[in-house]
Structure formats: C-alpha cells, structure tokens
Amino acid sequence: MTPDHLIVAPILLPLVAGALLLVVERFRPRWQAPVGAGATVALAAIALALAARAAGGEIGVYLVGNWPPPFGIALALDRLAALMVVLTAGVALAALLYALDRWAVSGPHFHAFFQFQLAGLNGAFLTADLFNLFVFFEVLLIASYALLLHAADGRALRAGFHYVVVNLAGSSLFLIAAGLMYGVCGTLSMADLAVRIAAAPTADAGLLRAAGLMLLVVFAVKAALLPLGFWLPDTYGAAPAPVAALFALMTKVGVYAIVRTTTLLFGPDAGPAATLGGTELFVLGVATTALGGLGALAAPRLKGVVAFLVVASAGTLVAAVASGAPQALAGALYYLVHSTLAAAFLFLLVDAIARQRGSAGDGLRSGSPVVQPIALGLAFLVAAIAIAGLPPLSGFIGKLGILGGTVDVPLAPWLWSALLASGLLATIALARAGSRIFWRTHRQAEGPGVATGAVRVGAREALAIGVLGGALVTLTVLAGPAQRYTVATAAQLAEPRGYVESLRGALPVTRRAAAATAGAVEP
Amino acid sequence: MTAWLFASGIGVLTATGVWLLLRARTFDVALGLTLLSYAVNLFVFAMGRIAVASPPIIRPGVPASLAHYADPLPQALALTAIVIGFAMTALVLVLALRAHLAAGADLCDAPAGDARPPTDASAVTRSGHDR
C-alpha cells in the first residue's frame with residue numbers, strides 16, 4: 001500500500017509556495033499574485049479531493065517520516081478535518097482575491113505570510129499529535145502577527161502587541177498542559193492519549209484533569225471565550241480587511257480544538273476525565289453569546305460590530321459543542337461553516353463601504369454617501385440577514401439546528417435565551433448601522449478620492465465579495481446535503497474508537513513490504 | 001533534593017514571569033514572557049523525570065526502562081519550545097520597539113486604532129459620535 005501523500009499536501013503546498021514567494025518577491029515581484037493565487041486554487045482543489053475521500057467515513061492516516069504509530073507524528077483525515085480544510089481553502093481564496101486589488105501591494109511579504117498562515121491552519125486541523133498541534137498553532141500565530149501588522153500604523157501596532165502577548169501567554173500554558181499530559185500518560189499522540197486517559201489510575205486523575213482543563217483554557221483563548229476573549233475586537237478592528245476575513249477562521253481553530261479534545265480525549269468514556277469541563281464551557285459559551293450581542297450593540301464602528309458578532313458566534317458554537325448532544329454538535333458544525341463565511345463576507349464588505357465614506361470610514365455616524373449605494377446596500381442586507389440568523393439564509397438554519405439539537409439538555413433554556421437575544425441584538429445593531437451608513441448621509445460626497453471615483457470596488461474585490469455571498473446562498477440552498485455531512489461528522493466524532501483504531505493500527509511502509517508487493521505484481 | 005530545587009526554581013521563574021507580564025510597560029512584559037518560557041521549558045524537561053547521569057541511548061544488557069535511562073522525548077520537546085520561544089521573544093521585542101518609537105511611550109495600554117486602506121492613510125480617525 002502506498003502512503004496517501006495527498007493528506008500532507010494541504011500543509012506542504014502552502015509551505016513550499018510561501019518559501020517560493022519570498023524568492024519571487026525579491027526577483028520577480030509581478031509574479032507574486034499569480035503564484036500565490038495559483039497555490040491557493042490548487043489548495044482548494046486538494047481540499048475538495050480530500051473531502052470527497054473523507055465523506056465516505058474512512059479515516060485516512062499519514063505517518064510523517066514513516067515511523068510506526070506510537071513513535072512518529074501522524075496526520076489524520078476524518079470528516080471534521082476535511083470540512084475545516086475545505087472551509088479554510090474557500091475563505092482563503094476569497095480573502096486573497098480581495099487582497100489582490102489593493103492590500104497585497106501596500107506592504108512587503110503579504111503573499112508569503114498568507115501561505116504560511118494557511119499551512120499553519122491546515123496543519124492544526126490535520127495533525128493527530130498534541131505537541132504537533134502546539135507547533136502548528138505557533139506557525140499560524142507567527143504568520144497572523146505579521147499579517148495583522150501588514151501596513152499597520154502606530155495604533156494597530158499596539159493592538160497587535162496585545163494580541164501577541166495574550167497568545168504567547170496562551171502558548172506557555174499549552175506547553176505546560178502538553179508536558180503534564182506527557183508526564184502522566186507517557187505519550188502525545190492523540191489516539192494513544194485517548195486510550196491511556198480512559199485507563200488512567202485514580203491516583204493520576206487530579207493531574208490529568210488539571211492538564212485537560214489547562215488545554216481547554218488555551219483553546220478558549222483562541223476561541224475568544226468570555227473572560228479570555230477581550231483581545232479579539234481590538235485585534236480584528238485593527239486588521240486589514242482580507243486578513244480579518246482570514247482571522248474569522250482563527251476563532252474556529254479554537255472551536256475545532258475544543259471539539260477534537262472533548263470528543264476524543266474527554267468523551268463520556270474517558271474514565272477520570274469524562275466530560276471534563278463540559279458544564280464550564282457551556283456556561284461560558286452562553287455568557288459569551290450574550291456578551292457578543294451586547295458588544296455589537298455598543299460598538300462605535302462597523303468593524304467592531306462584526307468582531308463582536310464573531311465573538312457571539314464562537315460562544316454559541318462552544319456552548320452547543322459542550323452541551324454534549326450529538327445533534328447539537330451537527331448543528332454547530334453547520335453553523336461553524338456559516339458563521340465563518342458570513343463573518344468573512346462582512347469584513348470584506350465593511351472595508352469596501354468604509355473606503356467610500358471619506359473621513360467617516362466605518363464609524364457609525366452619518367457621513368458622506370457611499371458611491372455605489374445599491375450594490376453595497378444590497379450586499380450589506382444579505383450579509384446582515386445571514387449573520388444575524390434571520391430566515392431565509394443559512395444562519396437561520398444553523399441556529400435552528402442548534403436550538404433543536406439541545407432540546408434534551410437540562411441547561412438548554414439558558415442557551416436558547418442567549419442565542420435568541422443575541423440574534424435580536426445583532427439585528428438591531430446591524431439595522432442601526434445600515435440606516436446610518438446608507439440613509440442618514442450628508443448631501444454631497446467629500447474628499448478627492450470620492451470625487452474621482454478612485455475608491456470604487458475593484459473587479460476582483462467585487463468578485464471576492466460575490467463569491468462569499470454566493471457561498472452563503474449555496475449553503476442555504478444545499479442545506480440538505482450539507483447537514484447530512486455534518487450529521488455524519490457528528491456521528492463519527494461520537495464514536496472516537498474508529499479514529500483511535502485507525503491511528504494505532506496504521507502500518508509504516510517498509511522497503512521490504514514494498515519490494516514484496518512489487519514482486520507479487522511482477523512474478 | 002534535586003526535584004525540590006528544580007521545582008522551586010520553576011516556581012520562582014513562573015512567579016516573576018507572571019508578575020512582570022502584568023506590568024504596564026512593554027519591556028517588562030517582554031522580560032516576563034521570556035522568564036515564563038524558561039519556566040515552561042524546564043517544566044517540559046522535568047516531565048521526562050529528572051535523572052542524573054543516565055544516557056538516553058539504550059545499551060545492550062541494561063533493561064529498557066526509565067529507571068536506567070533518561071527519556072529523550074521531553075528533551076526534544078524542550079528544544080523545539082526553546083527555538084519557538086526564541087523567535088517569539090525576538091518578535092515581541094521588535095513589536096515593542098516599533099510601538100515605542102511610533103507612540104513615544106513604552107506603555108502597553110492605549111486606545112486601539114483602526115487599520116485603513118492605503119489611500120485613506122491621511123484621514124483622521126475620530127471617535128464615533130453621532131452628529
């Protein structure tokens with residue numbers, strides 16, 4: 001059997017492309033955009049091929065360096081990982097397309113860091129090793145620091161500094177937790193950890209629970225859960241639009257890690273660590289949802305409104321995942337895809353709107369009218385309906401899935417109240433923002449850029465916004481197939497034995513075995 | 001005794017690191033992160049059990065258990081963490097320096113600003129009061 005090299009491709013391709021882009025930037029700067037875009041398109045194709053393979057329910061395992069399972073690092077492709085990789089590639093494609101017109105040329109190394117960020121994201125989704133997860137977190141964080149500070153001024157630098165320090169402190173905690181896990185279990189492979197945690201003696205229960213809770217705290221920092229998420233609105237507000245769109249994925253990395261660890265390591269059968277942190281995560285998720293709604297109402301700028309809506313959606317996701325109901329998990333996965341696309345859509349749109357309003361920017365006060373009121377207004381309407389979770393778009397379907405999936409959960413009324421209230425607050429905030437920006441305008445346009453029409457949305461920018469809007473509509477129209485996939489994903493996650501066994505049973509390709517099969521084929 | 005010394009060393013490093021991390025100047029914060037990463041590296045190293053004068057390479061005739069050998073994996077993990085921590089420290093210092101030069105003060109807390117598209121760089125950012 002030949003190893004399935006396609007599984008490692010979503011990590012290798014952006015890494016190689018990023019390194020290549022550094023050289024290209026130095027010697028052939030004009031080729032950067034084609035190379036970066038080509039690599040991202042190829043990544044999307046690979047992601048779709050992987051998803052087609054994972055959809056059948058088979059778990060693909062790739063042994064990096066061909067070491068036998070307990071010793072080396074393994075990558076695992078299940079339905080959840082495939083879903084995340086596809087989502088990453090899709091959002092990346094739109095963000096890069098949007099960046100090509102203006103942002104990519106406003107500072108150095110944009111394309112290279114963009115690819116490194118993709119490599120880190122894909123690695124975090126595909127890896128089946130706890131320490132390797134830490135390494136890929138660092139890879140994507142380093143790239144995100146650089147992208148955040150792309151074309152930044154002094155104030156953005158300060159927001160960036162906060163972001164870096166918070167995440168570095170989180171990384172330290174991650175290392176302590178991973179070290180503790182290794183000290184107790186003697187392994188860092190997630191499959192082996194799942195087995196050893198379940199069989200751990202009661203004497204180690206305290207240490208295990210401490211390590212597990214520390215891991216969850218780290219992931220909660222990434223997911224911007226309530227007491228740990230105050231870095232997010234400032235950071236996203238300071239990020240350039242295509243980077244903010246890509247960052248819509250970053251909170252989802254935290255959510256993904258919470259899903260992976262709570263189903264695999266701290267599931268109901270995990271002995272001393274069974275359903276570890278479930279109640280705490282649920283309560284914090286509900287509180288984060290409510291806070292996100294309130295923050296959206298209070299934010300003075302449109303970008304801040306969107307950032308708080310990202311916080312709210314992350315809280316909803318964590319609460320739904322922590323409720324432990326498989327149907328809620330399926331609904332949450334659908335909502336995860338939707339909320340990522342919707343947030344990216346809005347971040348790009350806000351940038352286009354802010355540019356056309358002269359000195360008012362994305363501030364929520366009356367300013368000069370936008371140059372293209374009908375196109376931008378309609379796009380804003382669609383985006384607002386989607387992210388607030390109103391029918392008929394996919395946000396409504398996602399929220400319905402979460403509400404319906406948590407019927408049997410005792411604490412569910414709290415989640416329902418928070419979810420519906422934050423939806424109402426989001427609707428009010430977005431309606432107010434829309435009426436201030438598009439209707440309560442001064443008579444004439446101000447500023448030289450507006451007069452000459454230099455700030456109109458470029459063709460590639462319009463295409464990027466259209467792609468994300470189209471993706472949201474597609475997700476709504478194809479909600480049936482999409483939900484079948486997420487239900488199958490939740491079912492696969494609820495049975496971690498398959499994941500554990502395919503990882504522990506994976507065989508390295510030895511030269512002798514390869515020679516034997518070759519001999520068998522050609523006698 | 002070795003374990004006690006090791007543990008209190010990690011404790012002192014963590015405590016000073018956290019204290020510095022909570023201060024309001026970027027230089028102190030960078031220093032705190034460095035101390036914290038030292039503590040973490042030592043902690044990860046200690047998770048392979050502290051063994052004095054025992055090699056990590058298996059010799060013939062000696063049973064392969066942690067009683068006779070040092071665990072090589074935490075050493076590799078600590079090495080990885082050191083490399084990453086070093087790069088991160090450099091990045092934090094550069095950031096702190098640039099923020100210091102841009103703002104003229106070494107303070108962590110200031111209102112966060114908003115990144116603007118390149119053509120709009122001259123526009124003045126105002127607070128969001130309605131007219």
Trainee: Among the options Gly183(A), Ala169(A), Ala146(A), pick out the one with the most heavy-atom pairs lying under 4.5 Å from chain B.
Mentor: Gly183(A)
Trainee: What residue, out of Ser37(B), Pro74(B), Ala81(B), has the most heavy-atom pairs lying under 4.5 Å from chain A?
Mentor: Pro74(B)
Trainee: Quick one: CD on Glu138(A) to OG1 on Thr80(B), what's the gap to the nearest 0.5 Å?
Mentor: 11.5 Å
Trainee: If you compare all heavy atoms of Phe161(A) against all heavy atoms of Ala96(B), which two are closest, and at what distance to 0.1 Å?
Mentor: CE1-CB, 3.8 Å
Trainee: So, taking the atom named OH in Tyr163(A) and the one named CG in Leu95(B), what distance separates them when rounded to the nearest 0.5 Å?
Mentor: 11.5 Å
Trainee: First locate atom CG of Leu141(A), then atom CE of Met88(B), and finally report the distance between them rounded to the nearest 0.5 Å.
Mentor: 6.0 Å
Trainee: Under 4.5 Å heavy-atom distance to chain B, tell me which part of Tyr145(A) shows up: side chain, backbone, both or neither.
Mentor: side chain
Trainee: Working to the nearest 0.5 Å, report the span between CG of Leu73(B) and OH of Tyr182(A).
Mentor: 4.5 Å
Trainee: Count the heavy-atom pairs under 4.5 Å between each of Asn41(B), Leu101(B), Val29(B) and chain A, then report the option with the highest count.
Mentor: Val29(B)
Trainee: Working to the nearest 0.5 Å, report the span between CZ of Phe134(A) and CD1 of Ile84(B).
Mentor: 4.5 Å
Trainee: For Val92(B), is it the side chain, the backbone, both or neither that has a heavy atom under 4.5 Å from a heavy atom of chain A?
Mentor: both
Trainee: Considering only heavy atoms, which portion of Leu77(B) lies under 4.5 Å from any heavy atom of chain A: side chain, backbone, both, or neither?
Mentor: both
Trainee: How many angstroms lie between atom CE of Met47(B) and atom CG of Leu188(A), to the nearest 0.5 angstrom?
Mentor: 12.0 Å
Trainee: Out of Val164(A), Leu149(A), Val135(A), Leu168(A), which one racks up the most heavy-atom pairs below 4.5 Å with chain B?
Mentor: Leu168(A)
Trainee: Count the heavy atoms belonging to other residues, nucleotides or ligands that lie under 6.0 Å from CZ of Phe27(B), then report whether that count exceeds 12.
Mentor: no
Trainee: Is chain B contacted by the side chain of Leu180(A), its backbone, both, or neither, given a heavy-atom distance below 4.5 Å?
Mentor: both
Trainee: Does atom CZ of Phe6(B) have more than 12 heavy-atom neighbours, drawn from other residues, nucleotides or ligands, at distances under 6.0 Å?
Mentor: yes
Trainee: Could you check if a side-chain atom of Val165(A) sits within less than 4.5 angstrom of a side-chain atom of Leu21(B), using non-hydrogen atoms only?
Mentor: yes
